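Okay, structure first, notes after.
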Amino acid sequence: MWPADEIAQLCYTHYSTRLPKQGKPEPDREWTLLAAVVKMNSPAEGSHDPSILPGDILNDSHAEVIAKRSFQRYLLHQLRSAVSLQADSIFMPGTKTGMWKLKPDLHFVFFSSHTPCGDASIIPMLELEDQPCSPVRSDETMSQSAEAIGDPVVLENKRKCEAVPAHLVTKRMRTEPRDLSGEVPSDRAMDYSPGKHGTLQTSLDASNLSPTANGPAATKGTVPVGAKVVDIYRTGAKCVPGEAGDTQKPGIEYHRVGLLRVKPGRGDRTCSMSCSDKLARWNVLGCQGALLMHFLEEPVYLAALVIGKCPYSPEAMKRAVIDRCQHVSSLPRGFQVQELKMLQSNLLFEHSRRAVQAKRTNCPGKVVPCGAAISWSAVPEEPLDVTCNGFRQGATRKSIGSLQTRSKVCKVELFNLFQNLVSSISESKRPESLRGKNLETYWEYKEAAASYQEAWKTLQKQAFGSWIRNSPDYHQFK
């Protein structure tokens, strides 16, 4: 197992030394989040040091979703290298024509400087006997959150990163940053360390820990001696239509756990699923997405999830990412629910909300989320991408929709990379799913990835029946 602090420090160092100031938070006023996918070589026997080469880290200063898309961009580049028979590719030939698989001893670790929004953020809040604190009242329900949300790009990523022709269905863009001034500092959070402290278990309903929990929020976990659970951290993520919904009662009964949620935001309800839900989906379907499954014999799974210093509960994280899908069965060959390793680092991200607040204790005003997002991929051409409100930074209202304003990790650009990969291969050497078929649109290529779509339908049927999906019209671009 790789030390969490080493993973965190690697990501923080890359952020501070390899990324430009452009897109980073304004000093002492703005804060942000960092998410990354790190390529790891299996350590030699008796060693636990990560073996990482320059360019092996794929990160995003704001959102888990953009980090995952940057990772997909990296995978597309690596597949192109494999097809060109370059020895440095992470892929090796599979057993079938046109198919590939990861080389042995390669693993990918996902890092996030903060707990993902949604179900994983519903964690107990403690009151230590020697440091009493007031529990959250019912009229403060949305003022304290342990979720990983940072800026307009994060909150509306799914709707705003897609450069879709105007005649197709589009989604609302939000341009006003969300005020998270009531977020609770990390030092008031639960710090679960099984075996390190005594235990206090309080569970209002055993069904809370089931994949389809309908009772009040579970507060079962390992807590320090001399502490009691007085409340839970709230998540601003709303339950999707069709779910039971939160009780909204005061105290620890406010939330129900194990439910699908959409990302928080001001105004109308968003259509983007929470990061907790997406991580749970990736833990079953892989991080490669539908398009890349045309070329892969097996999904690309994460080996571990590392969270930075922030409010955190390993029980809540496991519940949100693994347990909700643990009962899923009859998945296609190669797909399965992963026993993802979960770790927390003790290192605080320099541009986290807590770190920025600590530097300006006597300054007037309040800190605000940064309005820009940085994505970086280990690719040779234009690895850096800075966006604001879903478009390349500097885009004007008149220029929106042009090639120059597209993010390198929006669906259109990733689809273009995929099409270029397919075109570079003669039809006889392509995977069977891409031979002799007249596929044109993004939607058609996705639907043609039969094993992935079968796995996704099985997951929806058995665990995520209320998942919000985009209209097919939204994916009819070429």
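Bear in mind that the values here come from a model prediction, so they are computed numbers and not experimental data.
Atom CE of residue M99 and atom NE2 of residue H294 lie 9.5 Å apart, to the nearest 0.5 angstrom. Of the inter-residue distances, the one linking C410 atom SG with R73 atom CZ reads 10.5 Å to the nearest 0.5 angstrom. Of the inter-residue distances, the one linking L302 atom CG with F71 atom CZ reads 7.0 Å to the nearest 0.5 angstrom. Atom CG of L34 sits about 9.5 Å away from atom NE2 of H14, to the nearest 0.5 Å. Atoms OG and CD1, from S313 and I122 in turn, are 11.0 Å apart once rounded to the nearest 0.5 Å. Interatomic distance, CG of D28 versus CD of Q357, reported as 12.0 Å (0.5 Å rounding).
At a threshold of 4.5 Å between non-hydrogen side-chain atoms, the residues H114 and C310 count as touching. Counting heavy atoms from C-beta on, the side chains of M125 and I232 never come closer than 4.5 Å. By the 4.5 Å heavy-atom criterion applied to side chains, F295 and L421 are counted as neighbours. Side-chain contact between I307 and L343 is absent, with no heavy atoms from C-beta onward closer than 4.5 Å. S345 is not listed as a side-chain neighbour of I7, based on a closest heavy-atom distance of 4.5 Å or more. Side-chain contact between L279 and M317 is absent, with no heavy atoms from C-beta onward closer than 4.5 Å. Residues T32 and K24 form no side-chain contact, since every pair of their non-hydrogen atoms from C-beta on lies 4.5 Å or further apart. Between P299 and V284 there is no side-chain heavy-atom pair separated by less than 4.5 Å.
Between R360 and R29, the shortest heavy-atom distance links the atoms NH1-CA, 3.9 Å. The heavy-atom pair separating V230 from I252 by the smallest distance is C-CG2, 4.2 Å. Across every non-hydrogen atom of P124 and V229, the tightest pair is CB-CG1, 3.9 Å. In plain terms, the two heavy atoms of D385 and S407 that are nearest each other are OD2-OG, 2.6 Å. The two residues G289 and Y452 make their nearest non-hydrogen contact at C-CE1, 3.7 Å. Nearest heavy-atom pair, V38 versus C11, reported as atom, atom and distance to 0.1 Å: CG2-SG, 3.8 Å.
Under a 3.5 Å cut-off, the side chain of Q72 and the backbone N or O of C287 do form a donor-acceptor pair. Checked by atom type and distance alone, the side chain of Q338 pairs as donor or acceptor with a backbone atom of Q336 at under 3.5 Å. Listed for the N346 side chain is no donor-acceptor partner under 3.5 Å among the backbone atoms of D5. Side chain of R324 to main chain of L259: a donor-acceptor pair is present (N/O by atom type, distance under 3.5 Å, no hydrogens or angles). Between the side chain of S377 and the backbone N or O of S70 there is at least one donor-acceptor pair closer than 3.5 Å. Between the side chain of H327 and the backbone N or O of Q462, at least one donor-acceptor pair lies under 3.5 Å. Checked by atom type and distance alone, the side chain of S121 pairs as donor or acceptor with a backbone atom of P116 at under 3.5 Å. Judged by distance alone, the side chain of Q288 and the main-chain N or O of V300 form a donor-acceptor pair under 3.5 Å.
Partners of Q393 according to the side-chain hydrogen bond (donor to acceptor under 3.5 Å, both in side chains) rule, which considers only residues two or more places apart in sequence or in another chain, are Q22. With sequence neighbours left out, Q453 forms a side-chain contact (heavy atoms from CB on, under 4.5 Å) with A290, K446, E447, W456, R469. Considering only residues two or more places apart in sequence or on other chains, E350 meets the side-chain contact (heavy atoms from CB on, under 4.5 Å) condition with Y15, S16. Listed by chain and number, the residues in a side-chain contact (heavy atoms from CB on, under 4.5 Å) with E381 amount to none (sequence neighbours excluded). With sequence neighbours left out, the side-chain contact (heavy atoms from CB on, under 4.5 Å) criterion links P383 to W376, V379. Not a single side-chain hydrogen bond (donor to acceptor under 3.5 Å, both in side chains) links N283 to another residue, sequence neighbours left out. For K318, the salt bridge (Lys or Arg N to Asp or Glu O under 4.0 Å) criterion is met by D323, not counting sequence neighbours. With sequence neighbours excluded, no residue forms a side-chain hydrogen bond (donor to acceptor under 3.5 Å, both in side chains) with S276. Legend: residues meeting side-chain hydrogen bond (donor to acceptor under 3.5 Å, both in side chains) with Q460, ordered by chain and number and at least two apart, are absent.
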message: Run the side chain to side chain contact (heavy atoms under 4.5 Å, CB included) test on C325 and L459 for me, step by step, so that the C-alpha distance in whole Å, both residues' side-chain angles and the decisive distance to 0.1 Å come before the verdict.
response: CA-CA 8 Å; C325 304; L459 180 60; 3.8 Å; yes
message: Assess the residue pair H351 and W31 against the criterion (side chain to side chain contact (heavy atoms under 4.5 Å, CB included)); give the C-alpha distance rounded to whole Å, side-chain angles, the decisive distance to 0.1 Å, and a yes or no.
response: CA-CA 5 Å; H351 283 148; W31 59 276; 5.7 Å; no
query: Under the side chain to side chain contact (heavy atoms under 4.5 Å, CB included) criterion, do K101 and E298 qualify, and how do the steps go?
result: CA-CA 7 Å; K101 59 184 179 180; E298 296 180 347; 5.9 Å; no
Side chain to side chain contact (heavy atoms under 4.5 Å, CB included) between Y442 and L291, worked out: CA-CA 9 Å; Y442 178 77; L291 294 181; 3.7 Å; yes
Identify every side-chain donor-acceptor pair in residues 412-420 under 3.5 Å, counting partners at least two apart or on other chains, and give the distances.
residue, atom, partner, partner atom, Å
E413, OE2, R406, NH1, 3.3
N416, ND2, V412, O, 3.4
N420, ND2, N416, O, 3.2

Would you give me the side-chain donor-acceptor pairs under 3.5 Å for residues 76-92, sequence neighbours excluded?
residue, atom, partner, partner atom, Å
Q78, OE1, I90, N, 3.0
S81, OG, H77, O, 3.2
S84, OG, R80, O, 2.9
S89, OG, Q78, O, 2.8
S89, OG, F91, N, 3.1

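The number of heavy-atom neighbours closer than 6.0 Å to NZ of K103, taken from other residues, nucleotides and ligands shown, is above 12.
When D246, T235, D277 are each tested for a side-chain hydrogen bond (donor to acceptor under 3.5 Å, both in side chains) with R261, only one passes: D246.
Geometric assessment of R281 against the ring of F464 yields a negative cation-pi assignment under the 6.0 Å and 45° thresholds.
Counting only residues at least two apart or on different chains, the salt bridge (charged side-chain N to carboxylate O under 4.0 Å, His left out) pairs with a member in residues 107-123 are D119-R319.
Aromatic pair F111/Y12: centroids less than 6.0 angstrom apart.
With respect to the salt-bridge test (charged N to carboxylate O, under 4.0 angstrom), the residues K278 and E64 do not qualify.
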